[in-house]
Amino acid sequence: FFYYHPTEQTAGAVYQTFASEFARLIAAEDIPIHFLVSIRGDCLDLLYPLKSSIPNLFNNQLRIEHLSLAGARDAIIKPLDKFKEQYPDRTLSMAEPREKLAERVVEEVAQDKPSVQAPSLQLVMSQWWQTEKAAGSGELRHETFLNMGGVRDIVARHLGDTIDRLAKRDPETLHLVAGLFD
């Protein structure tokens, strides 16, 4: 909203309505609601107009850095180790040498960059696992990953499915979301 609709901040009505309602909800102690605002660091200054109505707006910041390539590989492998440690009688593994398979996936997610965005890796791994689970498999298999079309197709399919669900449930919101990409 702040990044894609900066004119609404200065134009008034929509921004003021959003800003005042957002501030009201944050301050309301009788409403059991919490907010997490996720925004790129280079856009943080776009929140400053809200500071006067939300005094502690910048008090709790959590900077999420991209994963190093080694960190991304660990994010794939270490949960498998933890699962085996906690549930030794259950099957969950990678079908081929896991270091090699994790390396391939990380390379594809990283797309020749020195780091990996954690949400991208999480999306790919979650979709891959759901596909394996639906097939009755307890293993992450490279063949399944390839059959899913790799990272690009997994992400595109997820986006398409999300938009389809939103279109069926709330066409008006879909129209607003589509405006973000104009």
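Residue numbers start at 1 and run along the sequence shown.
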Worksheet entry | Verdict with supporting geometry, Asp45 and Lys51, salt bridge (charged side-chain N to carboxylate O under 4.0 Å, His left out) | CA-CA 10 Å; Asp45 62 324; Lys51 181 107 172 91; over 6 Å; no
Practice prompt. Could you check whether the rings of Trp128 and Phe145 sit parallel, tilted or perpendicular, using 30° and 60° as the cut-offs?
Written response: tilted
Item to complete: Any chance you could lay out the salt bridge (charged side-chain N to carboxylate O under 4.0 Å, His left out) test for Glu21 and Arg24, step after step, and finish with the verdict?
Response: CA-CA 5 Å; Glu21 286 301 306; Arg24 184 185 68 76; 3.0 Å; yes
With a 3.5 Å distance limit and no angle check, can you tell me whether [X] reaches the backbone of [Y] through a side-chain donor-acceptor pair?
X: Ser126; Y: Leu123; value: no
X: Arg157; Y: Met148; value: yes
X: Ser137; Y: Lys133; value: no
X: Glu108; Y: Val151; value: yes
X: Gln127; Y: His158; value: no

Worksheet item: Just how far is it from atom CD of Glu65 to atom OG of Ser115, taken to the nearest 0.5 Å?
Response: 9.5 Å
In terms of side-chain geometry, is the basic nitrogen of [X] or [Y] positioned less than 4.0 Å from the acidic oxygen of its partner?
X: Arg98; Y: Asp81; answer: yes
X: Glu99; Y: Arg73; answer: no
X: Glu107; Y: Arg104; answer: no
X: Lys82; Y: Glu85; answer: yes

Worksheet item: Should Val37 and Ile33 be counted in the same cluster of Ile, Leu, Val, Met, Phe, Trp and Tyr side chains packed under 4.5 Å apart?
Response: yes
